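Bear in mind the structure is a predicted one, so any value in this text is a computation, not a measurement. Only heavy atoms go into these numbers, but all of them, side chains included; no hydrogens, no water, no symmetry mates.
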Amino acid sequence: MGRHKKGRCVKRNKQVNTNEKEDLINAPHSFVIHRGLPGGHIVELTKDFRKVMEPFTAVSLKARRRNTIKDFVSVSGVLHVSHMCIFTRTELGMYLKLCRVPRGPTLSFKITSFSLARDVVSALKKQLVSEEAFKSSPLIILNNFSGEGMQMKLMASMFQNMFPTINLTKVNLSTIRRCVCLNYNVTSKLIDFRHYAIKVVPAGLSRGVKKIVQAKIPNLSRCEDFSEFLTKETMSESEAEDDPTNQVTLPQNLSSRGNNAQSVSAIRLFELGPRITMQLMKVEDGLLDGEVLFHELVHKTDEEKLRIQKRRELRRKLKEKKQMEAEKNRQDKDIKKEQDKERSLKGMQKRKENDVLMQKLAKEANEENNVEDDDVQYYREEVGQEPDKDLFSRSSGKKRPLNYAPRYKSKKTKISKDK
């Protein structure tokens, strides 16, 4: 079997940092991927949703076609991933699946309409897009999710657990820069998903004083005196839209200028996108598989549910049986492999012993030849002449080789010679 060769795009996995903070480990992390048919702006929508889930999401995740859901689940434990958001596109439309890793449940939503972030921002007259806002997780706001039914509680729990929880006594208000609003329409059963940037400005100040407080350079071209700039009462459109319900008393100092503790400030929202309108279609017990707990279009009787449950139980037992057989076959192969290894080691040891024995016999034969040569040399030195050819020869006592066989001439040859 050939050796598997790694491609150029496959890199070595870096060593996982074991010195991570506890808050970072406990925070819910997510994977946002897309599947199904290409086109339909599904790639752009996936990237926009990743921006919403920042910073606890894989922003530069490279999901290839050959990657399966099991591949993402296998690395979710190491990367502390708790949720998976999957955008899928079929011939019938676009869907969003929210999965709790690794065992479910799974919520399937049908996307009825959506707008990309670039379209939402370009349509606004005043825009507020800052990279600093994406360094902290957004605040989740749910509306009308208190209805009856298991699916309503499950939806609310899923959306809340996708974002980190906040401690009201210890939270730093300067880190809350974004919010995600989800509104459930009881009559149409549609969910409106909105993403906003939060801006806090001091209230109760004139426009000129507010610019000075916020360290902005004022325009004095239309004023004869600086006092006229301070006393001139001008109001912008955003200030006119502010009402007392948008104003709050800050419990602590904020990083922005003019927002001090115990001062009154106005809360303003700037939409960042994307806009998504979706409807819950199905709730599954497992991860993209399992018992269907809720379905918007299909309703089954108790007998059908019992029949489906028995069929699923039978399929589960069959799967466990196959797994046990595969495990047994693997163990048998390991045992056979160990036996072959021991047999091979014994053969190598026996071969090594034979080599040592042959070396010993060859050494003894060389020593006998050396003794014969010493006797011939001694005779020359003492007698002064060459010894007879057969004097020190051991040919008389030499054994014949095993493959020795006397050669006899055939009878036909003897008769021909006699003739």
Side-chain angles (χ1 to χ4, degrees), residues 28 30-37 42 49 68-74 76-77 81-114 140 142-162 182-193 276-327:
S30 62
F31 280 152
V32 183
I33 60 177
H34 62 87
R35 283 289 183 269
L37 299 177
I42 188 172
F49 203 83
T68 60
I69 301 299
K70 290 183 179 180
D71 298 336
F72 297 102
V73 176
S74 62
S76 61
V81 175
S82 59
H83 292 80
M84 189 180 301
C85 308
I86 307 172
F87 287 92
T88 60
R89 183 173 177 268
T90 63
E91 296 178 354
L92 300 177
M94 192 177 296
Y95 297 85
L96 171 62
K97 295 180 182 292
L98 301 180
C99 311
R100 177 76 179 188
V101 179
R103 296 181 181 86
T106 302
L107 275 66
S108 299
F109 299 88
K110 183 178 182 180
I111 299 176
T112 57
S113 62
F114 69 93
I140 182 71
L142 303 178
N143 185 33
N144 289 338
F145 280 88
S146 58
E148 296 181 358
M150 172 270 303
Q151 68 274 12
M152 299 298 298
K153 297 179 181 179
L154 196 57
M155 272 196 300
S157 176
M158 178 69 75
F159 287 131
Q160 288 176 348
N161 294 330
M162 286 174 62
L182 291 164
N183 179 53
Y184 180 76
N185 193 332
V186 181
T187 57
S188 61
K189 297 182 180 181
L190 295 178
I191 302 172
D192 296 323
F193 178 92
I276 301 176
T277 303
M278 53 189 178
Q279 181 182 2
L280 179 66
M281 301 301 295
K282 185 170 62 173
V283 177
E284 297 174 273
D285 187 22
L287 182 65
L288 298 174
D289 190 14
E291 183 181 358
V292 178
L293 304 178
F294 168 80
H295 202 288
E296 181 66 26
L297 303 177
V298 180
H299 302 280
K300 295 185 179 296
T301 61
D302 295 339
E303 295 180 357
E304 292 176 340
K305 291 180 181 179
L306 184 60
R307 195 182 307 116
I308 293 172
Q309 186 176 1
K310 289 182 178 179
R311 193 185 307 123
R312 186 180 294 109
E313 186 70 18
L314 182 63
R315 190 163 55 244
R316 184 185 63 82
K317 291 182 179 179
L318 183 61
K319 184 178 179 180
E320 291 179 354
K321 183 179 178 181
K322 290 183 178 180
Q323 289 179 351
M324 291 176 62
E325 291 178 355
E327 182 67 21

Which heavy atom in Ile42 sits nearest to a heavy atom in Met94, and how many Å separate them?
CB-CE, 4.1 Å
Between Pro105 and Leu293, is any pair of side-chain heavy atoms under 4.5 Å apart?
no
Would a distance-only check, ignoring hydrogens and angles, find a side-chain to backbone donor-acceptor pair under 3.5 Å from Thr277 to Thr112?
no
Beyond-backbone contact of Lys110 with Met278, side-chain heavy atoms, under 4.5 angstrom
no
Between Arg100 and Leu287 the two heavy atoms that sit nearest each other are O-CD1, 4.0 Å
Does any non-hydrogen side-chain atom of Val81 lie less than 4.5 Å from one of Phe72?
no
Any side-chain heavy-atom pair of Ser82 and Val101 under 4.5 Å
no
Please round to the nearest 0.5 Å and tell me the distance separating atom CD of Glu320 and atom CG of Leu318.
10.0 Å
Which atom names give the shortest non-hydrogen contact between Ser108 and Lys97, and what distance separates them?
OG-NZ, 3.1 Å
Whether Thr106 side chain and Gly286 backbone form a donor-acceptor pair below 3.5 Å
yes
Not counting sequence neighbours, which residues clear side chain to side chain donor-acceptor pair (under 3.5 Å) with Arg89? List them please.
none
With a 4.5 Å limit on heavy-atom distance, are the side chains of Ile191 and Met155 in contact?
yes
Does anything in residues 89-111 form a ring-ring contact (aromatic ring centres under 6.0 Å, His included)? List the pairs, not counting sequence neighbours.
Phe109-Phe159
For Tyr184 and Leu182, what are the C-alpha separation, side-chain angles and deciding distance, and is it a side chain to side chain contact (heavy atoms under 4.5 Å, CB included)?
CA-CA 7 Å; Tyr184 180 76; Leu182 291 164; over 6 Å; no
Looking at side-chain heavy atoms only, is the closest gap between Glu313 and Lys317 below 4.5 Å?
yes
I need the minimum non-hydrogen distance between Lys282 and Val292, along with the two atoms involved.
CG-CG1, 3.9 Å
Suppose we screen for side chain to side chain donor-acceptor pair (under 3.5 Å). Which residues come up paired with Lys189, at least two apart in sequence or across chains?
Glu296
Taking every non-hydrogen atom, the tightest pair across Leu288 and Ile69:
CD1-CG1, 3.8 Å
Can you tell if the side chain of Asp192 reaches within under 4.5 Å of the side chain of Asn185, non-hydrogen atoms only?
no
State whether the number of non-hydrogen atoms from other residues, nucleotides or ligands found under 6.0 Å of Arg103 atom CZ is greater than 12.
no
Just wondering, more than 12 heavy atoms not from Met150 lying within 6.0 Å of its CE?
yes
Could you tell me which non-hydrogen atom of Gly290 sits nearest to which non-hydrogen atom of Arg312, and how far apart they are?
O-NH2, 3.5 Å
Count the heavy atoms of every other residue, nucleotide or ligand shown that sit under 6.0 Å from CD of Glu327, and state whether that count exceeds 12.
yes
Quick check on Glu325: does its CD atom have over 12 non-hydrogen neighbours (other residues, nucleotides or ligands) under 6.0 Å away?
yes
What about the rings of Phe49 and Phe193, do their centers lie closer together than 6.0 Å?
yes
Look at the side chain of Ser74 and the backbone N and O of Asp71, then say whether any donor-acceptor pair between them is shorter than 3.5 Å.
yes
Do Ser76 and Met84 come within less than 4.5 Å of each other through their side chains, counting heavy atoms only?
no
